[in-house]
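What follows is a set of notes on a single structure, which appears directly below.
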Amino acid sequence: MSFIHPHLRLGVNIDHVATIRNARGGAHPDPVRAAILAVQAGADGITAHLREDRRHITDDDIIRLTGEIDRPLNLEMAATAEMQVIALRHEPHACCLVPERREERTTEGGLDLVGGFVHLQPYVARLRDAGIRVSLFIAPDVAQVETAARLGAPVVEFHTGPYCHAVGMARADELARLARATALAHQLGIECHAGHGLDYDTVVDVAALPELAELNIGHFLIGEAIFCGLEDSIQGMRAAMARGRAKAQ
Ligand code: PXP
């Protein structure tokens with residue numbers, strides 16, 4: 001029988017609770033409160049992106065998240081010296097390395113592991129030596145997956161943005177790319193995660209990819225929570241993921 005990862009985890013990204021808080025410069029709404037609620041609603045972990053410009057999550061949020069959340073924290077960050085110091089200080093369960101440009105609205109592409117190999121090799125090794133699970137956010141490309149293996153990364157997270165934005169045949173092509181890349185990563189002994197742009201519809205076919213172990217989802221869940229509350233939006237996502245997994249059986 002072919003491989004199916006036994007449990008598809010949901011990591012809830014709470015960045016955009018902080019985006020709303022920061023719009024007024026106060027303390028409300030509190031992303032840590034959202035993280036606690038997300039865990040109560042069934043999130044397997046919490047994801048937060050500490051950006052260089054601190055546009056949403058702040059250093060204090062990371063301190064509070066590591067202290068107050070009893071599920072794994074996945075710290076998304078750029079592979080900079082500043083972020084490495086912060087990661088080594090807080091020792092989150094996982095660090096997901098992402099490319100970052102100040103002018104982008106959100107993480108736009110995957111990391112270029114091939115071009116960045118020389119920089120990333122000691123960077124990944126340092127985090128791994130500290131016991132932090134390193135995940136590399138990449139496009140579903142063969143060269144990137146093979147390079148992730150050479151870097152000794154235990155996890156890759158595949159960028160689902162292009163799949164979510166594509167329509168018609170182009171979407172089917174993007175899904176096929178994701179399927180090939182997850183199969184290859186699994187063969188190379190790398191745990192597969194995915195995320196970016198997923199909603200109740202787009203998540204279904206992604207959740208059907210049998211090698212996937214985790215999805216990280218934020219913007220849609222926080223946006224939908226305005227209408228139905230965070231608990232319902234997370235439970236709705238769980239139900240959509242379960243529909244996808246049923247297709248993988
Ligand atoms: N995974 C990574 C690496 C990301 O950068 C993001 C966006 O912060 C997400 C997942 C979640 O994407 P979205 O907010 O579109 O669900």
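Computed from heavy atoms alone, side chains included, the values below leave out hydrogens, waters and symmetry copies.
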Original post:
Should V142 and L111 be regarded as members of a common hydrophobic cluster, given that ILVMFWY residues are connected when their side-chain heavy atoms come within less than 4.5 Å of each other, either directly or indirectly?
Top reply: yes
Subject >> Side-chain donor or acceptor of R245 paired with backbone N/O of A207 under 3.5 Å >> reply: yes
Subject >> Validation row: D30, R64 side chains within 4.5 angstrom (heavy atoms) >> reply: yes
Subject >> A43 to V12 - nearest heavy-atom pair and separation >> reply: CB-CG2, 3.6 Å
**OP:** Spell out, as yes or no, whether a donor-acceptor pair under 3.5 Å connects the side chain of H119 to the backbone of A79.
**Re:** yes
Subject >> Neighbour count >12 (heavy atoms, 6.0 Å) for atom CZ, R126 >> reply: no
Original post:
With hydrophobic residues grouped by side-chain heavy-atom distances under 4.5 Å, do V98 and Y163 end up in a single group?
Top reply: no
Original post:
Considering the options L65, T47, V32, which one meets the side chain to side chain contact (heavy atoms under 4.5 Å, CB included) requirement together with I14?
Top reply: L65
Subject >> Flag, side chain of D53 to backbone of R55, donor-acceptor distance under 3.5 Å >> reply: yes
Original post:
Hey, which of M83, M77, H90, R133 is the one that makes side chain to side chain contact (heavy atoms under 4.5 Å, CB included) with C95?
Top reply: M77
Original post:
Less than 4.0 Å between a side-chain N and a carboxylate O, is that true for R171 and D205?
Top reply: no
**OP:** State the CD1-CG distance between I62 and L50, to the nearest 0.5 angstrom.
**Re:** 5.0 Å
**OP:** Answer yes or no: is there a side-chain heavy-atom contact under 4.5 Å between R54 and D59?
**Re:** yes
**OP:** Check for a donor-acceptor pair, side chain of Y123 on one end and backbone N or O of T80 on the other, with a separation under 3.5 Å.
**Re:** yes
Subject >> Chi angles and distances behind the side chain to side chain contact (heavy atoms under 4.5 Å, CB included) call for R51, H56 >> reply: CA-CA 8 Å; R51 293 187 74 103; H56 37 57; 3.6 Å; yes
Subject >> Side chain to side chain, P154 and R128, heavy atoms closer than 4.5 Å >> reply: yes
**OP:** Start with the C-alpha gap between N74 and H93, add the side-chain angles, then the distance that decides, and say whether side chain to side chain contact (heavy atoms under 4.5 Å, CB included) holds.
**Re:** CA-CA 6 Å; N74 174 32; H93 169 78; over 6 Å; no
Original post:
Taking 4.0 angstrom as the limit, do D61 and R21 come out as a salt bridge?
Top reply: yes
Original post:
Quick check: does any side chain N or O of D15 sit under 3.5 Å from a backbone N or O of H49, one acting as donor and the other as acceptor?
Top reply: yes
Original post:
Would a distance-only check, ignoring hydrogens and angles, find a side-chain to backbone donor-acceptor pair under 3.5 Å from E157 to C96?
Top reply: no
Subject >> N13 side chain vs N216 backbone, donor-acceptor pair below 3.5 Å >> reply: no
Original post:
Taking R180 for the side chain and L178 for the main chain, is one N or O donor matched with an acceptor at less than 3.5 Å?
Top reply: no
Original post:
Quick one: are H7 and D44 in side-chain contact, heavy atoms under 4.5 Å?
Top reply: yes
Original post:
Taking a hydrophobic cluster as the set of Ile, Leu, Val, Met, Phe, Trp and Tyr residues connected by side-chain heavy atoms closer than 4.5 Å, whether directly or through intermediates, do I234 and F220 fall within one such cluster?
Top reply: yes
Original post:
Side chains of I20 and H28: closer than 4.5 Å at any heavy-atom pair?
Top reply: no
Original post:
Quick one: CG on L221 to CG on L10, what's the gap to the nearest 0.5 Å?
Top reply: 6.5 Å
**OP:** Enter the distance from T66:OG1 to L73:CG here, rounded to the nearest 0.5 Å.
**Re:** 7.0 Å
Original post:
When clusters are formed by joining ILVMFWY residues with side-chain heavy atoms under 4.5 Å apart, either directly or through shared neighbours, do L175 and L215 land in the same one?
Top reply: yes
Original post:
Under 4.5 Å between any side-chain heavy atoms of P99 and F137, yes or no?
Top reply: yes
Original post:
Do L212 and H5 touch side chain to side chain, with heavy atoms closer than 4.5 Å?
Top reply: no
Subject >> Plane angle bin for H196 and H159 - parallel if under 30°, tilted between 30 and 60°, otherwise perpendicular >> reply: tilted
Original post:
So do the side chains of L188 and L184 get within less than 4.5 Å of each other, counting heavy atoms only?
Top reply: yes
Original post:
CZ/R243 to OH/Y200 distance, rounded to the nearest 0.5 angstrom?
Top reply: 9.5 Å
Original post:
Taking it one step at a time, do R9 and H193 satisfy side chain to side chain contact (heavy atoms under 4.5 Å, CB included)?
Top reply: CA-CA 9 Å; R9 296 189 299 271; H193 299 179; 3.5 Å; yes
Subject >> side chain to side chain contact (heavy atoms under 4.5 Å, CB included) partner of L136, chosen from L97, V145, T147 >> reply: L97
**OP:** Measure across V124 and L151 and return the closest heavy-atom pair with its distance rounded to 0.1 Å.
**Re:** CG1-O, 3.7 Å
Original post:
Taking all non-hydrogen atoms of both residues, which atom of P29 and which atom of P31 are closest, and how far apart?
Top reply: O-CD, 3.4 Å
Original post:
What closest approach, in Å, do L198 and M237 show between heavy atoms, and which atom pair accounts for it?
Top reply: O-CE, 4.3 Å
Subject >> I138 with F117, same ILVMFWY side-chain cluster at under 4.5 Å >> reply: yes
**OP:** Write down the atom of A179, the atom of T182, and the distance for their closest heavy-atom approach.
**Re:** O-OG1, 3.0 Å
Original post:
Rounded to the nearest 0.5 Å, what separation is found between the CD1 atom of I69 and the CD1 atom of I36?
Top reply: 5.0 Å
**OP:** Return the minimal non-hydrogen interatomic distance between A87 and P92, and the atom names on each side.
**Re:** O-CD, 3.4 Å
Original post:
Atom OG1 in T160, atom CD in E174: separation rounded to 0.5 Å?
Top reply: 10.0 Å
